[in-house]
Amino acid sequence: QVQPVESGGGSVQAGGSLRLSCLLSGYTYSTNCMAWFRQAPGKEREGVAAKDSEGLTTYADSVKGRFAISFDNAKKTLYLQMNSLKPEDTAMYYCAADEVMTASQALEPDAGMDYWGKGTLVTVSS
């Protein structure tokens, strides 16, 4: 069983950068897809970025060109590099993993990933 643990959140001014990390304890090659989600206060959870074992990556339109998802297999760690941050990026960010989904499926509304972390808070001030 995969147990995601996020870190790297914090407070940053608009235009700044942060890199989130997610240690995927229990990761094996049967883990097909890994993704980042976020939920802002009073809003529904949304998919941010996903990556699968075929190498496919997908991004929400709101973060394309600013965020980058990557995975270090040796460290079993998923990353989300966030650049040019905006106040609207403020949210709790969650890491998730799934054994079946593809990257394109993971960001669809109501897509249910198998394993979830507890989140790390990102606050962007103007």
Side-chain angles (χ1 to χ4, degrees):
Q1 183 170 346
V2 179
Q3 294 180 316
V5 179
E6 305 94 338
S7 61
S11 297
V12 64
Q13 289 192 326
S17 298
L18 279 175
R19 189 178 76 160
L20 304 184
S21 299
C22 175
L23 175 62
L24 293 167
S25 176
Y27 168 85
T28 68
Y29 286 107
S30 66
T31 305
N32 195 59
C33 181
M34 299 160 283
W36 288 96
F37 294 79
R38 67 185 181 186
Q39 187 166 19
K43 295 188 177 181
E44 293 189 353
R45 187 183 67 203
E46 64 171 340
V48 175
K51 180 177 178 65
D52 65 28
S53 60
E54 296 297 317
L56 177 68
T57 57
T58 56
Y59 295 92
D61 288 342
S62 58
V63 306
K64 282 180 182 177
R66 300 189 298 122
F67 290 11
I69 188 171
S70 61
F71 180 66
D72 186 325
N73 187 60
K75 296 182 178 179
K76 297 183 179 180
T77 299
L78 183 72
Y79 299 99
L80 184 68
Q81 178 66 44
M82 305 186 295
N83 300 324
S84 301
L85 282 162
K86 304 175 181 180
E88 51 262 45
D89 294 318
T90 294
M92 186 71 80
Y93 283 72
Y94 298 92
C95 173
D98 193 272
E99 295 183 356
V100 177
M101 271 189 226
T102 64
S104 58
Q105 293 170 332
L107 299 191
E108 291 179 357
D110 299 324
M113 303 286 280
D114 290 331
Y115 309 108
W116 291 84
K118 294 183 178 181
T120 186
L121 183 62
V122 172
T123 303
V124 184
S125 58
S126 57

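Ion pairing between R38 and E46 holds under the 4.0 Å rule for side-chain N and carboxylate O.
Taking 4.5 Å as the limit, every side-chain heavy atom of Y94 sits out of range of all side-chain heavy atoms of V48.
No side-chain donor from either of D72 and T77 sits under 3.5 Å from a side-chain acceptor of the other.
Placement of F37 and L20 in two distinct hydrophobic clusters is found when ILVMFWY residues are connected by side-chain heavy-atom separations under 4.5 Å, directly or transitively.
Taking each heavy atom of V12 and L18 in turn, the nearest pair found is CG1-CD1, 4.1 Å. Among all heavy-atom pairs drawn from K64 and Y59, the shortest one is CE-O, 3.4 Å. Shown here for A97 and T31, the closest heavy-atom pair between the two residues is CB-CG2, 3.9 Å.
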Could you check D89 against R66 for side-chain contact (heavy atoms from CB on, under 4.5 Å), going step by step and ending with a plain yes or no?
CA-CA 11 Å; D89 294 318; R66 300 189 298 122; 2.7 Å; yes

Test Y79 against C22 for side-chain contact (heavy atoms from CB on, under 4.5 Å), laying out the working first.
CA-CA 6 Å; Y79 299 99; C22 175; over 6 Å; no

Going through the checks in order, is the side-chain contact (heavy atoms from CB on, under 4.5 Å) test met by S17 and Q81?
CA-CA 8 Å; S17 298; Q81 178 66 44; 4.0 Å; yes

Pair L24-Y115, side-chain contact (heavy atoms from CB on, under 4.5 Å): steps then yes or no
CA-CA 10 Å; L24 293 167; Y115 309 108; over 6 Å; no

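Taking CG of L121 as the start and CE of M92 as the end, the distance is 5.0 Å to the nearest 0.5 Å.
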